Chemist: 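My structure is below; once you've seen it, I'll send some questions.
Fair warning: this is a prediction, and the values are worked out from it, not measured in the lab. Here is the naming used below: chain letters follow the sequence lines, and residue numbers restart at 1 for every chain.
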Number of protein chains: 2
Amino acid sequence: MNMDDLDLKILKLLQENARYSYREIAKELGIAVGTVYNRIKKLEDEGVIRGFCVDVDYEKLGFGLTAVIGIKARGKDIVRIEKEISKSSRIMQVYDVTGEYDIIVVAKFRDRADMNKFVKWLLSLEGVEKTNTSVVMDIVKEKFAIPLLTEE
Amino acid sequence: MNMDDLDLKILKLLQENARYSYREIAKELGIAVGTVYNRIKKLEDEGVIRGFCVDVDYEKLGFGLTAVIGIKARGKDIVRIEKEISKSSRIMQVYDVTGEYDIIVVAKFRDRADMNKFVKWLLSLEGVEKTNTSVVMDIVKEKFAIPLLTEE
DNA sequence: CTTGAAAAAGCGTTAGC
DNA sequence: GCTAACGCTTTTTCAAG
């Protein structure tokens with residue numbers, strides 16, 4: 001990947017607000033509109049930019065309960081279970097991990113009943129041995145952002 | 001929150017691609033451009049839409065290592081530790097949780113050395129009693145999307 | 001209150017440098 | 001990397017539902 005400083009500056013601005021116009025970005029960075037256009041297009045073509053998304057308030061949408069669920073499963077069933085779980089629209093992240101658990105899931109639920117139903121369903125899946133649910137009391141930070149390349 | 005069906009349809013489209021033009025959305029839904037504009041503006045003003053973000057490929061940006069870290073800490077130090085951790089641009093999520101750990105963190109690192117340095121730093125913080133790192137081997141799903149309101 | 005047509009201001013995209 | 005230009009898009013206004 002040959003990303004330079006300009007690409008990064010553009011990404012940073014887009015991350016701040018993906019709806020900034022090319023002209024606004026150009027003005028901010030003191031470069032031409034066409035250049036911004038070409039750079040963003042290149043970043044999309046290369047797959048560095050995968051897409052543009054909305055950042056919504058889940059609480060206001062009625063999904064105010066977040067949980068992190070660790071799952072221990074039978075080796076040969078793990079991939080199938082992961083795929084199964086991923087289908088649910090309440091599931092934000094599914095990670096295949098090493099360590100105490102085999103799968104870690106981050107999910108958003110309407111309420112405890114909604115969460116409970118999901119966990120019970122999880123436990124009913126063939127190969128799931130054990131689950132451990134950590135209910136989120138406070139979302140201190142929740143944003144996929146581009147890390148600084150120069151951080152200690 | 002008085003969200004109706006139209007608001008949800010608009011949100012769904014924006015979630016698919018936040019750069020859809022109002023015109024495209026209007027055409028897709030068979031309504032006027034002005035209506036789409038007004039609805040999105042309302043959703044932003046109400047805070048349902050918090051912003052628009054870029055979805056980037058962290059691997060291509062050089063942050064191919066994801067980890068989920070559980071932290072056990074002394075009660076009175078938890079909030080301070082959470083704030084401290086949140087400052088790092090490598091940290092995507094910081095959750096204050098109930099259960100086995102007090103804090104759960106999702107982070108992106110350059111490599112194992114980068115991760116190790118972070119975990120060592122974590123352990124050096126006043127009040128941190130124990131950490132448990134699950135290294136992500138495969139990202140099966142990783143997207144904050146709007147849950148279907150009608151899911152079993 | 002919400003809707004949507006129309007007009008003005010602003011924007012994406014292209015081609016050539 | 002820049003400029004210029006065309007056609008399309010956003011945003012405002014405003015009259016009607």
Chemist: Going 5' to 3' through nucleotides 3-10 of chain D, assign each nucleotide B (protein heavy atom under 4.0 Å from a base atom), S (under 4.0 Å only from sugar-phosphate atoms) or - (no protein heavy atom that close).
Modeler: B-----BB
Chemist: Show me the pairs that pass salt bridge (Lys or Arg N to Asp or Glu O under 4.0 Å) and involve residues 12-37 of chain A, at least two apart or across chains.
Modeler: none
Chemist: Round to a whole Å and report the spacing from CG of A:Asp7 to C1' of D:dG1.
Modeler: 13 Å
Chemist: Cluster question for you: counting only ILVMFWY and a side-chain heavy-atom cut-off of under 4.5 Å, with indirect links fine, are B:Met92 and B:Ile104 together?
Modeler: yes
Chemist: Measure the acute angle between the ring planes of A:Tyr58 and B:Phe144, then classify it against the limits of 30° and 60° as parallel, tilted or perpendicular.
Modeler: tilted
Chemist: Measure the distance from NZ on A:Lys41 to C1' on C:dT13 and round it to the nearest whole Å.
Modeler: 9 Å
Chemist: Within this structure, what is the CG-to-C1' distance between A:Asp5 and D:dG1, rounded to whole angstrom?
Modeler: 15 Å
Chemist: Can a donor-acceptor pair be found, under 3.5 Å and without considering hydrogens, that links the side chain of B:Glu44 to the backbone of B:Arg50?
Modeler: no
Chemist: Please report the distance, rounded to the nearest Å, between CZ in A:Phe52 and C1' in C:dG12.
Modeler: 13 Å
Chemist: Let me know the distance between CD1 of A:Ile25 and C1' of C:dT13, rounded to the nearest Å.
Modeler: 15 Å
Chemist: Provide, to the nearest angstrom, the distance between the CD1 atom belonging to A:Ile10 and the C1' atom belonging to D:dG1.
Modeler: 12 Å
Chemist: Atom NZ of A:Lys27 and atom P of C:dG12: how far apart are they, to the nearest Å?
Modeler: 13 Å
Chemist: With heavy atoms under 4.0 Å as the rule, sort A:Leu6 into base, sugar-phosphate or nothing.
Modeler: sugar-phosphate
Chemist: Output the rest of the hydrophobic cluster of B:Tyr101: all Ile, Leu, Val, Met, Phe, Trp and Tyr residues reachable through side-chain heavy-atom contacts under 4.5 Å, sorted by chain and number.
Modeler: none
Chemist: What are the two closest non-hydrogen atoms of B:Gly127 and B:Ile81, and how far apart are they?
Modeler: C-CD1, 3.9 Å
Chemist: Could you give the NZ-to-P distance, from B:Lys42 to C:dT2, as a whole number of Å?
Modeler: 7 Å
Chemist: Would you please confirm or rule out a distance under 4.0 Å between OP1 or OP2 of C:dT3 and any side-chain N or O of B:Arg39?
Modeler: yes
